[in-house]
Amino acid sequence: MKIASWNVNSIKARLPLLLDWLAARAPDIVCLQELKCVAEAFPAEAIAEAGYTAAVLGQKTYNGVAILSRLPMDVTERGLPGLSGEGADEARYIEVLAEAGGGLGVVRVGSIYLPNGNPAPGPKYDKKRAFFAALTAHARTLLAREEVLVLAGDYNVIPHPRDVHDPAAWAEDALFLPESRAAFAGLVNLGFTDAIRACHAGGGLYTFWDYQAGAWPKNRGIRIDHLLLSPRAADRLTGAGIDRERRALEKASDHVPVWCTLGP
DNA sequence: ATGTCGCGACCATCGCGA
């Protein structure tokens, strides 16, 4: 089965490209981020016609996450458990249990839109820090269940210098600060596998290119969209990739889809 | 050197977030 994640930067603006991509790449489960719309306005009918049911946590103008599935699923969380204070009401986490069948059984999937955190330091970075703390605690709880688990989304963290075109240019950015990278590493080190890294070595693997300053034509990208696999999911990992060609299309999102495949 | 997009709002340019 194929599990993907895509920050679409407005579901309404991206619907034609989303439907085109679903038909072309046929993922079984898709984590979406930055819907920028309320649940009532989510284009559930068009997505149903493509063969997917949708679990949606919406928000007006900002944020918004969803999980699309061709398999039966139940929502297990709307919002990140344990998150309180500033930003706790933002739509940044939704989680489901999906029935994969075959040799895979039940799969738990979380769709994550982690706060950007800029400018750092400041209240926005504090929000990123708090989200990481709650996510790490929740992930620890989930790992104890020993399920096939995939936590996928826009983590807004560049894990390593090889994941950015120009590390020096990003040195002061909240996405690449040592504290941000340490928080991401701390989460991964609970026992997760970074699916893209497990399948591909080397640098130049990017998932985001800014709309500004010709970032795409100059290939000034960063890798911030990640699929984190529990040990039982990692045991089944058969492939992973980045649908980079989607960045070249008219009306493209600034992020491209990332995906992994799990065998039976 | 510069270069963007999407949303929503005092409705048509601007502030915000990214």
Side-chain angles (χ1 to χ4, degrees), chain A residues 5-21 31-43 46-47 56-66 83 85-93 111-132 135 152-159 163-166 168-177 179-181 183-184 206-226 243-258:
Chain A
S5 176
W6 193 6
N7 179 323
V8 291
N9 185 21
S10 169
I11 187 69
K12 289 183 212 167
R14 221 62 62 206
L15 184 60
L17 286 186
L18 173 64
L19 295 174
D20 181 74
W21 173 77
C31 299
L32 298 177
Q33 300 87 33
E34 278 209 86
L35 305 178
K36 295 186 172 180
C37 81
V38 295
E40 296 72 34
F42 187 85
I47 284 168
V56 179
L57 183 65
Q59 184 182 331
K60 187 178 177 179
T61 312
Y62 303 119
N63 311 313
V65 287
L83 186 62
E86 193 71 25
D89 56 343
E90 296 177 352
R92 294 182 178 275
Y93 186 81
S111 180
I112 293 162
Y113 179 47
L114 221 130
N116 175 294
N118 280 304
K124 292 187 177 180
Y125 195 76
D126 294 341
K127 206 166 70 176
K128 184 172 200 163
R129 191 182 276 128
F131 194 98
F132 251 122
L135 179 61
D154 177 1
Y155 282 81
N156 268 315
V157 174
I158 301 162
D163 297 315
V164 49
H165 63 92
D166 181 359
W170 288 77
E172 308 299 321
D173 195 284
L175 279 60
F176 194 51
L177 287 177
E179 181 180 347
S180 301
R181 294 172 54 196
F184 184 75
Y206 306 140
T207 66
F208 169 93
W209 296 259
D210 201 292
Y211 287 124
Q212 300 187 62
W216 166 248
K218 292 175 173 176
N219 194 27
R220 297 170 68 87
I222 56 178
R223 190 173 74 94
I224 56 175
D225 300 272
H226 308 297
D243 289 344
R244 176 189 170 95
E245 75 284 353
R246 296 284 145 180
R247 187 63 179 82
L249 301 178
E250 286 297 316
K251 295 277 290 178
S253 171
D254 40 6
H255 297 249
V256 296
V258 296

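Per chain, numbering begins at 1; letters A, B, ... match sequence-line order. Just so it is clear, the model here is predicted, and its values are computed rather than measured.
The residue Arg220(A) sits apart from the nucleic acid: no heavy atom pair falls under 4.0 Å. Contact annotation for Tyr113(A): backbone-only contact, meaning every heavy-atom pair under 4.0 Å involves sugar-phosphate atoms and none involves a base.
Nearest to the side chain of Ala213(A), among dA18(B), dG6(B), dG3(B), sits dG3(B). When distances are taken from the side chain of Lys124(A) to each of dA18(B), dC7(B), dT4(B), the shortest belongs to dA18(B). Closest to the side chain of Tyr211(A), out of dA18(B), dC7(B), dT4(B), is dT4(B).
When the nearest nucleotides of DNA chain B are assigned to Glu34(A) and Asp210(A) by heavy-atom distance, the more 5′-ward of the two goes with Asp210(A). Taking the nucleotide of DNA chain B with the nearest heavy atom to each of Ala252(A) and Lys60(A), the more 5' of the two is matched to Ala252(A).
At the phosphate of dC5(B), neither OP1 nor OP2 sits under 4.0 Å from any side-chain N or O atom of Lys36(A). Contact between the side-chain N/O atoms of Lys128(A) and the OP1/OP2 oxygens of dA18(B) is not found at any separation under 4.0 Å. OP1 or OP2 of dG6(B) lies within a sub-4.0 Å distance of a side-chain N or O belonging to Arg14(A).
Look at CD on Gln212(A): it is 11 Å from C1' on dG17(B), rounded to the nearest Å. The nearest whole Å value for the distance from the NZ atom in Lys127(A) to the P atom in dG17(B) is 8 Å. Separating the NZ atom of Lys218(A) from the C1' atom of dT2(B) is a distance of 8 Å, rounded to the nearest angstrom. The nearest whole Å value for the distance from the CG atom in Leu17(A) to the P atom in dG6(B) is 10 Å. Between Gln59(A) atom CD and dC16(B) atom C1' the separation is 14 Å, expressed in whole Å. The nearest whole Å value for the distance from the CG atom in Asp154(A) to the P atom in dG17(B) is 17 Å. Atom CG of Leu35(A) is separated from atom C1' of dG8(B) by 17 Å (rounded to the nearest Å). In this structure, Asp173(A) atom CG and dG17(B) atom P are separated by 16 Å, rounded to whole Å.
With a 3.5 Å ceiling on both atom-pair distances, the Watson-Crick or G-U wobble partner of dC16(B) is dG6(B).
Residues Ser180(A) and Arg129(A) have side chains not in contact (no heavy-atom distance under 4.5 Å, counting atoms from C-beta outward). Glu179(A) places a side-chain heavy atom less than 4.5 Å from the side chain of Tyr125(A).
Proximity of a side-chain donor or acceptor of Lys128(A) to a complementary backbone N or O of Asn156(A) within less than 3.5 Å is detected.
Between the side chains of Arg244(A) and Asn219(A), at least one donor-acceptor pair of N or O atoms lies under 3.5 Å. Side chain to side chain, Asn9(A) and Ser253(A) fail the donor-acceptor criterion of an N or O pair below 3.5 Å.
Nucleotides dT2(B) and dG6(B) are separated by 23 Å at their P atoms, to the nearest Å. Going from the P atom of dG3(B) to that of dC7(B) covers 22 Å, rounded to whole Å. dC10(B) and dC16(B) have their P atoms separated by 14 Å, with the value rounded to a whole Å.
Separating the CZ atom in Arg92(A) from the CD1 atom in Ile112(A) is a distance of 12.0 Å, to the nearest 0.5 Å.
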